[in-house]
Structures are given as structure tokens and as C-alpha cells.
Colleague: 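Encoded as C-alpha cells, here's the structure I'll be asking about.
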Amino acid sequence: MTRAVLPAFWVVIPAAGVGSRMRADRPKQYLQLAGRTILEHTLDCFLDHPQLKGLVLCLSVGDPYWPELPGASDPRIQRADGGNERADSVLSGLLRLLELGAQEDDWVLVHDAARPNLSRHDLDQLLLELADDPVGGLLAVPARDTLKRAGADGRVAETVDRSQIWQAYTPQMFHFAALHRALADALVAGVAVTDEASALEWAGLAPRLVEGRADNLKITRPEDLDWLRQRWSNKV
Ligand SMILES: Nc1ccn([C@@H]2O[C@H](COP(=O)(O)OP(=O)(O)OP(=O)(O)O)[C@@H](O)[C@H]2O)c(=O)n1
Ligand SMILES: C[C@](O)(CO)[C@H](O)COP(=O)(O)O
């Protein structure tokens, strides 16, 4: 069956990190890219989507940067307090969605604030491919380089078979109740959850991998932003 209409969805944007690996003078989501902050570009990936039900932005308590941006007065952007880890911030965002009226089977997309280069094609492809999926899934990219496992001595211990290795990206798309329950249970159990899919996996489910563009990169280190600034130099 070809689905004519994309499913409606909520969005949670974890944006409460400090960006330590970026070694900048402010959290990386507030660094400039083509004349605006990285965070503003990321929000723009979703705010005009016709199927968006609502968006929750998870910010660190007392974040001094967000109030200075035009988006701070945008009624489409609801706020939630971030937590110590990314997963805590996401859980806080899910609780805000509950207050906003999210229903059990509503689709929720969680997308890193640090990924401003998400294409509309990848977003709609994720929505289309998972619209009728019983579990949900994530954008991901098959490993493209030879992979090495490091030994304690800092030398190669082995070359890893990469034929079934994928890098997890975001958005990650799951039903509200299933994601909320899996994430809350995993955190209570002390499970290290670095993405939403790993919480669903811990709950015994198998999220679907949806291949996306490798340039939907997470701005993590200075060279990542240098590359994207160069790529976007004609966007200003
Ligand atoms: N307690 C946290 C930690 C991270 N994030 C968000 O999760 C996304 C992915 O995390 P990461 O790239 O690790 O960001 P930071 O934690 O800020 O970076 P670092 O690990 O280098 O400090 C980012 O948009 C970040 O703002 C969050 O909302 N709350
Ligand atoms: C969610 C994520 O972007 C998927 O690759 C990644 O796990 C975030 O990890 P980070 O260490 O919080 O950047």
C-alpha cells in the first residue's frame, strides 16, 4: 500500500548540552552557521512541516542564550528543562509532550539540536517508511570506512566486519507511550542510553534502520562546523 499522506508527529529537540568536545566559548548549538545559530537552523527543519503537531525544545536550566533569539517568542516552540544526560533531557521533553496532549500511539521524533543539516527528503522518507511500522526506527548510515577495534596499547586489536554496521543518526521515531516507557525504565535500571533506539532495544524491540544522508552530521568537533560552514557558504 503506498501511503499518500505522511503521518502527523511531535518533535523533541534535546538542546541542553554544553558541547565540551567543541571547545567553544558557548554551547555549540548557539554557534553561528550562515548568519544564524545552529539551533535555529535545526528548528527550521521542522517548524514549517504541515504534519507537525508540536515541538518541545529541551534547554539547560538558566540557558542565557535562547531568550536572546527571535524563536524565544515563537508560539510553536514549547520548552522543557534539560537534564544531566541527553536521555534525561529527552525524558523531560516527553513529559512536556504529555502535558501538551500527546496520545499513546502518536509518533514522536527526537532530533539532536546539533544536527542542522537534516534534509526535508530524509525527514519525509523516515516518516513514510515508518508510518505503519509497529516499532519505529531511525535515520542511519551504513559504515563506509574500514573499522578497527583498539587494544589497550592504542594499537589495532582487530579489524571489525563492517558489513552489518550502521551509524545511528537522528531523527529517531517512536510511538509516544512506547518511547516514554522504554526510556524511563532504562534510566531507572541504570542502563546507558545514548540514543532512543537503544532504550527500545533494551525493552526487547528491534527499531528499523532507514538509510539517510551522511551529511546529516552531528556537529561535535570544530572541524565538523568548519566543514558545514564551507558547505553552506553560499547560503548566507
Ligand atoms: N544533557 C544533555 C546532553 C546533550 N544534549 C543534547 O543532545 C544532543 C547530542 O549530544 P552531544 O552531541 O553529545 O552534545 P553535547 O553533550 O553538548 O556535546 P559534548 O558531549 O561534546 O559535551 C545535542 O544537541 C545536545 O545539546 C541534551 O539535550 N542534554
Ligand atoms: C543520538 C545520537 O546522535 C545518535 O548517534 C548520539 O548517540 C548522540 O550521542 P552524544 O554522545 O550525546 O553526542
Side-chain angles (χ1 to χ4, degrees), residues 11-31 33 37-46 55-66 69 71 77-97 108-118 122-123 126 136-144 147 165-174 179 182-183 186-187 191-202 207-228:
V11 172
V12 172
I13 304 283
V18 296
S20 57
R21 289 171 284 183
M22 202 68 196
R23 302 193 302 278
D25 65 345
R26 64 194 61 204
K28 61 187 179 182
Q29 55 271 31
Y30 294 109
L31 295 175
L33 170 63
T37 63
I38 288 171
L39 176 55
E40 290 171 290
H41 289 295
T42 300
L43 291 167
D44 276 358
C45 296
F46 301 97
L55 183 146
V56 172
L57 178 62
C58 309
L59 298 174
S60 59
V61 174
D63 175 330
Y65 303 100
W66 176 250
L69 298 180
I77 302 172
Q78 302 296 319
R79 288 275 320 281
D81 288 342
N84 292 332
E85 301 296 332
R86 179 184 178 281
D88 301 309
S89 299
V90 172
L91 185 57
S92 172
L94 294 175
L95 292 173
R96 185 76 181 94
L97 285 188
V108 176
L109 275 64
V110 182
H111 183 65
D112 296 326
R115 292 184 191 268
N117 203 39
L118 171 67
D122 273 9
L123 172 55
L126 182 74
L138 63 150
L139 284 180
V141 175
R144 302 193 287 186
L147 301 174
I165 301 291
W166 289 55
Q167 281 180 266
Y169 278 36
T170 68
Q172 305 204 0
M173 177 176 165
F174 298 103
L179 174 57
L183 191 54
L187 291 176
V191 176
V193 174
T194 58
D195 72 341
E196 289 65 58
S198 50
L200 278 293
E201 295 156 41
W202 182 75
R208 184 164 167 199
L209 294 160
V210 176
E211 185 167 355
R213 295 176 58 96
D215 63 3
N216 172 26
L217 80 165
K218 181 162 63 71
I219 304 295
T220 305
R221 296 171 17 151
E223 62 268 28
D224 302 326
L225 184 53
D226 293 345
W227 180 84
L228 199 51

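Indexing begins at 1, ligand by ligand and atom by atom, following the structure's order. If you're wondering where the values come from, they're calculated on a predicted model, not measured in any experiment.
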Colleague: Which is it for Arg86 and ligand 1 at heavy atoms under 4.0 Å: side chain, backbone, both or neither?
Modeller: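 Answer for Arg86: both.
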Colleague: Check each heavy atom of His111 against ligand 2 and say whether those closer than 4.0 Å belong to the side chain, the backbone, both or neither.
Modeller: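 Contact part for His111 vs ligand 2: neither.
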Colleague: Hey, does Arg21 come in under 3.5 Å of ligand 2, counting only N/O atoms on both sides?
Modeller: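 Yes, there is a polar N/O contact under 3.5 Å.
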Colleague: Quick one: look at Lys28 and ligand 1, take heavy-atom pairs under 4.0 Å, and tell me if it's side chain, backbone, both or neither.
Modeller: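 Just the side chain.
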Colleague: Test of understanding: given a 4.0 Å heavy-atom threshold, classify the contact between Ala15 and ligand 1 as side chain, backbone, both, or neither.
Modeller: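 Contact part for Ala15 vs ligand 1: backbone (N, CA, C, O).
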Colleague: Nearest to atom 7 (O) of ligand 2 by heavy atom, Thr194, Asn216, Asp195, Thr220: which?
Modeller: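 It is Thr194 that holds the nearest heavy atom.
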Colleague: Counting only heavy atoms closer than 4.0 Å, does ligand 1 sit against the backbone of Ile219, its side chain, both, or neither?
Modeller: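 For Ile219, no heavy atom sits under 4.0 Å from ligand 1.
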Colleague: Is there side-chain contact between Leu138 and Val210, with heavy atoms separated by less than 4.5 Å?
Modeller: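 Result no, sub-4.5 Å side-chain heavy-atom pair not found.
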Colleague: For Ala168, take its heavy atoms, then give the atoms of ligand 2 lying under 4.0 Å from any of them.
Modeller: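 Counting atoms of ligand 2 from 1, those under 4.0 Å from Ala168 are 4 (C), 5 (O).
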Colleague: Looking at ligand 2, does any of its N/O atoms fall within less than 3.5 Å of an N/O of Arg115?
Modeller: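 For ligand 2, there is an N or O atom that lies under 3.5 Å from one belonging to Arg115.
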Colleague: Glu196: heavy atom below 4.0 Å from ligand 2, yes or no?
Modeller: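 Per 4.0 Å heavy-atom rule, Glu196 does not contact ligand 2.
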Colleague: If you draw a 6.0 Å radius around CG in Asn84, do more than 12 non-hydrogen atoms from other residues or ligands fall strictly inside?
Modeller: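 Open.
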Colleague: At the 4.0 Å heavy-atom cut-off, does Gly19 count as touching ligand 1?
Modeller: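 Distance cut 4.0 Å: Gly19 passes for ligand 1.
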Colleague: Please work out, at 4.0 Å between heavy atoms, whether the side chain, the backbone, both, or neither of Lys218 comes within that distance of ligand 2.
Modeller: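 It is the side chain that touches ligand 2; the backbone stays farther off.
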Colleague: Set out, in order, the CA-CA distance, both residues' side-chain angles and the distance that settles salt bridge (charged side-chain N to carboxylate O under 4.0 Å, His left out) for Arg221 and Asp224, then state yes or no.
Modeller: CA-CA 5 Å; Arg221 296 171 17 151; Asp224 302 326; 5.5 Å; no
Colleague: Looking only at protein heavy atoms, which one is nearest to atom 12 (O) of ligand 2, and how far off is it?
Modeller: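 For this ligand atom, the closest protein heavy atom is Arg86 CD, 3.8 Å.
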Colleague: Within a reach of under 6.0 Å around CD of Glu201, are more than 12 heavy atoms found that belong to other residues, nucleotides or ligands?
Modeller: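 For Glu201, atom CD is crowded (more than 12 foreign heavy atoms under 6.0 Å).
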Colleague: Show your working on salt bridge (charged side-chain N to carboxylate O under 4.0 Å, His left out) between Asp81 and Arg96 and close with a plain yes or no.
Modeller: CA-CA 9 Å; Asp81 288 342; Arg96 185 76 181 94; over 6 Å; no
Colleague: Between Leu118 and Thr42, is any pair of side-chain heavy atoms under 4.5 Å apart?
Modeller: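 Contact flag for Leu118/Thr42 side chains = no.
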Colleague: Which atoms of ligand 1 have any heavy atom of Ala114 under 4.0 Å away?
Modeller: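 This gives 24 (O) as the contact atoms.
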Colleague: I need the contact type for Lys218 against ligand 1. Using non-hydrogen atoms and a strict under-4.0 Å cut-off, is it side chain, backbone, both or neither?
Modeller: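 The side chain, only.
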Colleague: Of all the atoms in ligand 1, which lie at a distance below 4.0 Å from a heavy atom belonging to Ser89?
Modeller: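 Result: 1 (N), 2 (C), 27 (C), 28 (O), 29 (N).
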Colleague: Write out the residue and atom name of the closest protein heavy atom to atom 26 (O) of ligand 1, then the distance separating them to 0.1 Å.
Modeller: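 Residue, atom and distance for the closest contact: Gly17 N, 3.0 Å.
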Colleague: Rounded to the nearest 0.5 Å, how far does CZ of Arg115 lie from CG of Asp122?
Modeller: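 Taking CG in Asp122 and CZ in Arg115, the distance rounds to 11.5 Å.
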